[in-house]
Amino acid sequence: MTPAELKALVASLGMPAFTAKQVAQWLYVKHVKSIDEMTNLSKQNRELLSEHFEVGAMAPIDCQRSKDGTIKYLFPVFTANSHLFVETVFIPDHDRATLCVSCQVGCKMNCLFCQTGKQGWHGNLTAADILNQIYALPEVDQLTNIVFMGQGEPMDNLDAVLRVTEIMTADWGWQWSPKRITVSSVGVRNKLQRFLDESPCHIAISMHSPLHEQRLQLMPAEKAMPLEETIALLKQYDFTHQRRCSFEYICFGGLNDSPLYGREIVRLLEGLECRVNLIRFHEIPNVDLPASDEKRMEALRDYLTAHGITTTIRASRGQDIFAACGLLSTARQSQQPH
């Protein structure tokens, strides 16, 4: 809840207006797990709040730890179906620790290479569901960055995503810099523009192919909002200062990692201040897509860099656990009664 909502809440319960500020501090500054911990509220007010509300912090129910330090957590979500879960991945890297959060149970986008899309779509997470992945994370105090690159399409649940990023960056909230948060998207008409207008956080676009027909085969969302339209929209915004625009590009061996694709990427991105992240493909069951080899990825990186596009090869993490999005939750949900 925002301060205004908390103020209305305490007023409806007959509490003094200043109680709202106290509750906000306990939630967003001190990160308490229960209303009983809000010790500067009277016992009567704590009991009254507890009758109607809860903090909503729920610990993960499962985790898998990689030998490289990556940890994938499985969180339950607030939903009528108590057998649904989402994944969150904690990725420590020297002085940086990134959390990859989910925003939906399943996904409507149905990208060919993504296990989450194979689940179908089971619902949007609430802002509380999303925030809980951060709030209840055992390593929360180590976090330096958050990426909305887990399960689901953030623009397809934009109201909740914007509420979470507001809570994370507001003076009354967690007080993070927007530079520490990146939100990804395949490109969703109207929603992407609204995000760009309303949020100062970084944006990352899932590209995966610069060619319309091939991207359409990989990503059905290409039909509703072609990549060229997405890039034309991005070119209307200023990314020359602190806000960053990047493109995610999974490399498939012999399919999208040749110089032809490098030339097309350069053509598309001309005039846009951005960077490209090349990603190794994590194989998923029943999907016959080959992973690119190191030499081809390096050649593509070098080509793009030589043509003025900052390009990196993202280090693969967590390969000895269920590394790709959707594998752990798919396995757990398949065990549940229907």
* Just by distance, with hydrogens left out, do Thr312 and Asn277 show a side-chain donor and acceptor under 3.5 Å apart? -> yes
* **Inter-residue atom distance His208.NE2 - Arg215.CZ, 0.5 Å rounding** => 7.5 Å
* Structure fact -> OG1 (Thr126) and CG (Leu131) are apart, to the nearest 0.5 Å, by 9.0 Å
* Looking just at side-chain N and O atoms, do Thr2 and Glu166 make a donor-acceptor pair shorter than 3.5 Å? -> no
* Within 6.0 Å of CD in Glu5, more than 12 heavy atoms from elsewhere -> yes
* Asked: Can you tell me if Glu222 and His212 form a side-chain donor-acceptor pair at under 3.5 Å?
  -> yes
* Structure fact -> In this structure, CD of Gln119 is separated from SG of Cys107 (nearest 0.5 Å) by 9.5 Å
* To do: Could you label the plane-to-plane angle of the Phe113 and Phe252 rings as parallel, tilted or perpendicular, counting under 30° as parallel and over 60° as perpendicular?
  => tilted
* **NZ/NE/NH1/NH2 to OD/OE distance under 4.0 Å, Lys43 and Asp36** => no
* Verify ring pair (Phe, Tyr, Trp, His ring centres under 6.0 Å) between Trp26 and His31, making sure each step is shown before the conclusion. => CA-CA 6 Å; Trp26 285 113; His31 306 159; over 10 Å; no
* Asked: Would you say the side-chain atoms of Glu139 and Tyr73 include a donor-acceptor pair closer than 3.5 Å?
  -> yes
* To do: State plainly whether the residues Glu54 and Lys33 are in salt-bridge range, i.e. N to O under 4.0 Å.
  => no
* To do: Tell me yes or no: between the side chains of Thr305 and Asp302, is some donor less than 3.5 Å from an acceptor?
  => no
* What class does the angle between the rings of Phe239 and Tyr237 fall in, given that below 30° is parallel, 30 to 60° is tilted and above 60° is perpendicular? -> tilted
* **OG on Ser184 to CD on Glu248, rounded to 0.5 Å** => 7.5 Å
* Asked: Regarding Ser34 and Glu37, is there a side-chain donor-to-acceptor distance under 3.5 Å anywhere?
  -> yes
* To do: Starting from the C-alpha separation in whole Å, work towards a yes-or-no answer on side chain to side chain donor-acceptor pair (under 3.5 Å) for Thr169 and Gln175.
  => CA-CA 5 Å; Thr169 57; Gln175 301 181 13; over 6 Å; no
* Carboxylate-amine/guanidinium proximity below 4.0 Å for Arg301 and Glu294 -> no
* To do: Consider only side-chain N and O atoms of Tyr261 and Gln214, and report whether a donor and an acceptor are under 3.5 Å apart.
  => yes
* To do: Give a yes or no on whether a salt bridge exists between Glu229 and Arg189, defined as a side-chain N under 4.0 angstrom from a carboxylate O.
  => yes
* Minimal non-hydrogen separation, Glu153 against Ser185, with atom names -> OE2-OG, 2.9 Å
